[in-house]
Amino acid sequence: ASCPGSSLNGDGDLDDAVVQLWPGSGPVVNLGRAATAVALSATHVAAIVSEAAEGAADLNGDGDATDGVVGVYAIASGTWASTGAAADRLAFCGAVLAFTTPESAEGADLNGDGDRDDDVLRLWNAATGTLVAVGQAADDFVCNDTIVKIVGARLPVGELIALRGVMAMAILTAICASQGLLRELP
């Protein structure tokens with residue numbers, strides 16, 4: 001398949017999946033970012049923007065162009081903001097964007113456990129452009145307008161080697177999306 005005209009994200013090729021928005025009437029709007037996943041709120045579009053598909057641009061400052069980095073588009077102003085953070089999944093939880101960052105993509109230990117093997121939950125307040133470092137490993141998360149629930153594996157450090165390869169106890173942690181408060185659920 002070919003694009004009418006030219007590249008939709010300006011990188012010179014026709015191979016990318018590029019974010020598009022239909023505002024409810026009129027034509028579809030090309031948002032001009034190649035992405036691997038998108039999320040939509042009433043006021044914003046978030047996308048995991050592919051560094052490789054954006055002309056091999058390093059969007060999170062880690063020295064490579066192999067990550068997917070969260071970009072957030074404000075529908076009212078028509079502008080993109082970059083969180084500067086890599087991600088592998090994302091969802092809007094009301095006005096707050098929740099996403100997981102693979103530590104390996106950032107080259108950093110984001111939850112303080114001494115390794116770079118986890119996916120760590122982060123929040124982005126789209127209204128203020130603020131990144132919240134939650135510091136919790138997350139195998140997955142679900143959310144609504146007020147709560148983000150993290151599902152993750154937790155093992156005491158002394159038991160990590162003995163239980164490697166065995167399903168760890170799943171924990172559920174709730175985060176008040178608007179305040180960034182953590183609470184472990186029974």
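One is the number of the first residue; the rest follow in order along the sequence.
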Q) So do the side chains of L40 and L21 get within less than 4.5 Å of each other, counting heavy atoms only? A) yes
Q. To the nearest 0.5 Å, how far apart are CD1 in I48 and CG in L59?
A. 12.5 Å
Q | Joint cluster assignment, I75 & V19, ILVMFWY side-chain distance < 4.5 Å | A | yes
Q. What's the spacing between Q136 CD and I150 CD1 if we round to 0.5 Å?
A. 5.0 Å
Q | Nearest-0.5 Å distance, CD of residue E106 to CZ of residue R122 | A | 5.0 Å
**Q.** Which atom of P102 lies closest to which atom of D119, heavy atoms considered
**A.** CA-OD1, 3.3 Å
Q: Identify the heavy atoms of N60 and A86 that sit nearest to each other, and give their distance.
A: ND2-CB, 3.8 Å
Q) With the 4.5 Å side-chain cut-off for hydrophobic clustering, are V70 and L131 part of the same group? A) yes
Q: Verify the cluster assignment for V96 and F92: are they in a single hydrophobic cluster under the rule of side-chain heavy atoms below 4.5 Å apart?
A: no
Q: Specify the closest pair of heavy atoms between A65 and A57, including all atoms of both residues, with the distance to one decimal.
A: CB-O, 3.8 Å
Q. Does any non-hydrogen side-chain atom of F141 lie less than 4.5 Å from one of T100?
A. yes
Q: For the pair W22 (side chain) and G26 (backbone), establish whether a donor and an acceptor sit closer than 3.5 Å, ignoring hydrogens and angles.
A: yes
Q.
Assigning hydrophobic clusters by single linkage (Ile, Leu, Val, Met, Phe, Trp, Tyr; side-chain heavy-atom cutoff under 4.5 Å), is V29 placed with W80?
A. yes
Q. Got a donor-acceptor contact below 3.5 angstrom from the N30 side chain to the G32 backbone?
A. yes
Q. Which atom pair, heavy atoms only, marks the closest approach of A47 to V38?
A. CB-CG1, 4.0 Å
Q.
On a heavy-atom basis, which atom in G78 and which in Y73 lie closest, and how many Å separate them?
A. CA-OH, 3.2 Å
**Q.** Heavy-atom closest contact (L97 atom, A91 atom, distance)
**A.** CD1-O, 3.5 Å
Q. Just checking, any donor-acceptor pair under 3.5 angstrom between side chains of E54 and N9?
A. yes
**Q.** E51 side chain vs D58 backbone, donor-acceptor pair below 3.5 Å
**A.** no
Q. Are any of the side-chain heavy atoms of V18 and R33 separated by less than 4.5 Å?
A. no
Q: Using the side-chain contact (heavy atoms from CB on, under 4.5 Å) rule, pick out the option among L110, V134, D140 that qualifies with L121.
A: V134
Q. In terms of hydrophobic clusters joined by side-chain contacts under 4.5 Å, are V72 and V69 together?
A. no
Q) In Å, rounded to the nearest 0.5 Å, how long is the span from OG of S77 to NE2 of H44? A) 7.0 Å
Q | Straight-line distance of L123 CG to F99 CZ, nearest 0.5 Å | A | 8.0 Å
Q.
Nearest 0.5 Å, please: how far is CG in D115 from OG in S104?
A. 10.5 Å
